[in-house]
Amino acid sequence: MDLNIQSLGHYYSDLEILRNINLDVPAGQIVAVIGPSGCGKSTLLHILAGVLQPTEGKVLLDGHQIEKPSPRWVMMFQAPHLFPWMTVAENVGVGLTFGHWSKKEIVERVTEVINLVELQEFVDNNVQDLSGGQQQRVALARSLVMEPELLLLDEPFSALDAFTRASLQHDVRSIARRLGFNIVIVTHDIDEAVIMADRAVIMAGSPGNIVHELDVALPDPRDRHDPEVQKFRGLLMGAFQEAANV
């Protein structure tokens, strides 16, 4: 589904946070939003999630205006926010229990998604017994089980160790490619943007606005040691540093 951000602006009281944000994201594309602290990246993501209403402009997903939270657009945060007394399967399926799903359908769908994120060995484990990376995989599965058209990621891997972070970056990109949904990820990590995204959008300023875009035209799988990957990293780092001085 195409995502269209049109003339978006936002104020907190008299403080202007975002100004004239325009962005078109075609179906299946992964976009990384990067920029210095305070440029409004997280505010933009909350507007895309429907939890915050913009002061100006609008956001459309396949022509439908995003005005409130919906299973069609799902947000993942830095912390997994799991229910600690539940098993992996119970956490993943909790959203389905509020829908019109039969018990059999829930079990089948939960099993499918748990396999997708490679947690089948832990399906009956309590989430408190899992590592941080495994817990974030549970949070990812809980998002995917709703079959969203848009997945919003707010630095979801920043608290993980480098090896786990790299594994999840690769797996999330692979899953998105397989299922064909859009991703918008807010990150401070230049490497993460190059490894995960098809396009990087650089924000800067106060109020925040888009100052640069870069198509990350790299084949899969992406190896951060590949010279072409390093080339794009350098281009993106230069654009980021320029934005930070705006």
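- Remark: E56 engages no residue in a side chain to side chain donor-acceptor pair (under 3.5 Å) (not counting sequence neighbours).
- Among residue pairs with one or both ends in residues 128-146, those qualifying as salt bridge (charged side-chain N to carboxylate O under 4.0 Å, His left out) are R137-D171; sequence neighbours excluded.
- In this structure P54 satisfies the side-chain contact (heavy atoms from CB on, under 4.5 Å) test together with L8, I47, sequence neighbours excluded.
- Cluster partners of V107 are absent, since no Ile, Leu, Val, Met, Phe, Trp or Tyr has side-chain heavy atoms less than 4.5 Å from it.
- Applying the side-chain contact (heavy atoms from CB on, under 4.5 Å) test to Q135 and every residue at least two apart in sequence or in another chain returns P80, L82, L130.
- Between E192 and T187, the side chains place a donor N or O and an acceptor N or O closer than 3.5 Å (distance only, hydrogens not considered).
- Other residues sharing a hydrophobic cluster with F163 under the 4.5 Å side-chain heavy-atom criterion for ILVMFWY residues do not exist; the residue is a singleton.
- Contacts of N20 classified as side chain to side chain donor-acceptor pair (under 3.5 Å), with partners at least two apart in sequence or in another chain: N22.
- Checked against side-chain contact (heavy atoms from CB on, under 4.5 Å), E147 has the following partners two or more places apart in sequence or in another chain: R109.
- Scored by the side chain to side chain donor-acceptor pair (under 3.5 Å) test, N125 finds no partners at all (sequence neighbours excluded).
- Within the structure, no pair that satisfies the salt bridge (charged side-chain N to carboxylate O under 4.0 Å, His left out) test touches residues 74-90, not counting sequence neighbours.
- In the hydrophobic clustering (ILVMFWY side chains linked at under 4.5 Å, chained through shared members), F98 is joined by F83, W85, M86, V94.
- For D191, the side chain to side chain donor-acceptor pair (under 3.5 Å) partners at least two apart in sequence or on another chain are R233.
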